[in-house]
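These notes concern the structure reproduced below.
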Amino acid sequence: MTSFIDLDLGKGKDVISKHIYGHFVEHLGRCIYNGLWVGDDSPIPNTRGIRNDIVEALKAIKIPNLRWPGGCFADNYHWKDGIGPREDRPCMVNTDWGHVVENNHFGTHEFMDLCEQLKTEPYICGNVGSGTVQEMQQWVEYMTFDGQSPMANLRKKNGKDEPWKVKFFGVGNENWGCGGHMKAETYAEKYRQYQTYVNNYSGNNILKIACGPSEADYHWTEVIMRECMKETQQLKNSTHDKPIHSVWEYYRPQMWGLSLHYYVRNRLNYTSATKFDESLWFEYMQRTLYMDELITNHSNVMDQYDPDKKVAIIVDEWGSWYEPEPGTHPRFLFQQNTLRDALIAGVTLNIFNNHCDRVKMANIAQLINVLQALILTDGSDMLLTPTYYVFDMYKDHQDSTLIPLDLETRDYLFGDGSIPVVNASASRNQEGKVHITLCNLDPNRSEEITFNLKGENAISSVNARILTDPAMNACNTFEQPDQIKPCNFNDIKVQGNWISIILPAKSVLAIEIAFK
Ligand code: AHR
């Protein structure tokens, strides 16, 4: 059987925010220390303590934003411990992640330096669980105020005269769990209070993100939306004249986004990242596709309070979660990354693209040496994972216009279950080029796909890259760092505005199409 994809190129209206392709670093295991941060006295080539090879690799995939310092760590983090001369910074216990001693050598200045080196937007997560309103207010003042004030003066004393720009600010992390075990109603009150003091200084314009639900906790979404959108609803219904209206608008609680966390895992039975059979391949593909249902359902709940979709879903933690690699610290969450993870990344990013009217940002967990990492390090060695290559292959979707597609495909059957074989998304960039990304979820059978591209001149060129391997668990190791990487895919037939390909089993493909 052949799968069909119909693309009406005139139909696109929503833009795929580049921030969907965002990342996350936490003070966890070897993500920061012995990962990206080696210190400026390290023999590993670095710029002010940050590894050069990592920065180069990440610049190549145009990472749009970076979330820090957690995760669970964020609600234990007191930012003032991470500024000033490094040798004077106090140590703390990282109670979330293995009770290791955190020396605070990587703090605000180092993170902002990293963002500047990467040319990426910082996404700071503030401490609600164990921090005060004043602490959060002062952190924002420290980073962004351009003038005379206690915090701006402290920043200058620490060597930074000019303020930074901070675009994204999260008010707590997982406050239903590690961030304070709060009820939705309690957190909603806290959000309203804390966000009031996350100020816009000196022309900086912060987009505030509330802690959202875990997985299918629709009650959490309902309560936060209800409690934080009250004034917006009242404003909509109000008959006041313009000036009063705009004062109210200014003082209503601000919520640019509501986060959502979902990991592809079996919480009752974590399994190996590399040793798995087809039943676990199938199960993890099924779990990956569940993201679509979660976004649809949370968005429907949000629609009751925000039908115009002004509040974004920010999936600021997603990815695969397996048992840690044998012999590693169980709380360091270090796992290998295989072709299966490439499919998990490819399918998830397609889902986000297709929901770009509501999903405006996402952050895979995590960038280096933790969970579904893009980069693994071992001393001075570094390797790029299959997940890294998916971000590379998908980068052309960033800030392009989504082209909704009509997809007809067969089912991949396993045991009692079935899932669609082909998963896809498409966009058109400012130069008029169309990019289509496709995943074949069937590990055994290739799939013929025919595309009909309507509403454009004739096709002038088609280029494609593919990521696949004969083994489902193919991965890059320090012995064989190039076992799996994308290569050109030339098996493409073009006739008028019809394209046909045979998509190999268990593969991710990115196609670029130009028109005359
Ligand atoms: O990404 C690892 C952890 O998973 C984060 O710290 C936490 O927010 C989530 O539970």
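Because only heavy atoms are used, hydrogens play no part in the values below, and waters and symmetry mates are left out as well, while side chains stay in. Counting starts at 1 for both ligands and their atoms, following the listed order.
- Close approach of ligand 1 to W321 (heavy-atom distance below 4.0 Å) involves ligand atoms 4 (O).
- Annotation: atom 6 (O) of ligand 1 to nearest protein heavy atom, E26 OE1, 2.7 Å.
- Given atom 4 (O) of ligand 1, the protein heavy atom at minimum distance is E317 OE1, 3.2 Å.
- A salt bridge does not link K160 with D113: none of the charged nitrogens is closer than 4.0 Å to a carboxylate oxygen.
- Using a 4.0 Å cut-off between heavy atoms, W318 makes no contact with ligand 1 at all.
- The aromatic rings of W164 and Y142 sit tilted relative to each other, their planes meeting at an angle between 30° and 60°.
- Which parts of ligand 1 touch Q366 is read off a 4.0 Å heavy-atom cut-off, strictly below it: atoms 1 (O), 2 (C).
- Within the 4.0 Å heavy-atom criterion, neither part of V370 lies near ligand 1.
- Close approach to N173 involves these atoms of ligand 1, each under 4.0 Å from a residue heavy atom: 8 (O).
- Checked by atom type, the side-chain pair Q336/T274 shows no donor-acceptor distance below 3.5 Å.
- Residue G71 has at least one heavy-atom neighbour below 4.0 Å for each of these atoms of ligand 1: 5 (C), 6 (O), 8 (O).
- No hydrogens or angles considered: a donor-acceptor pair under 3.5 Å links the side chains of H397 and T437.
- For D96, no heavy-atom contact with ligand 1 is shorter than 4.0 Å.
- In terms of protein heavy atoms, atom 1 (O) of ligand 1 is closest to Y263 OH, 2.8 Å.
- Side-chain rings of F276 and Y284 stay apart, their centers remaining 6.0 Å or farther from each other.
- Residue-ligand proximity, L371 to ligand 1, at heavy-atom distances under 4.0 Å covers atoms 1 (O), 2 (C).
- Considering NZ of K309 and CG of D14, their distance stands at 9.5 Å, rounded to 0.5 Å.
- With rounding to the nearest 0.5 Å, the separation of OG1 in T338 from CE in M472 is 9.0 Å.
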Please determine whether salt bridge (charged side-chain N to carboxylate O under 4.0 Å, His left out) holds for the pair E135 and K80, giving the CA-CA distance in whole Å, both sets of side-chain angles, and the decisive distance to 0.1 Å.
CA-CA 9 Å; E135 190 179 356; K80 282 186 185 163; over 6 Å; no
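- Here the protein heavy atom with the shortest distance to atom 10 (O) of ligand 1 is E174 OE1, 2.8 Å.
- Salt bridge status for E215 with R267: present, with a side-chain N to carboxylate O gap under 4.0 Å.
- Considering backbone and side-chain atoms together, C72 places an N or O closer than 3.5 Å to an N or O of ligand 1.
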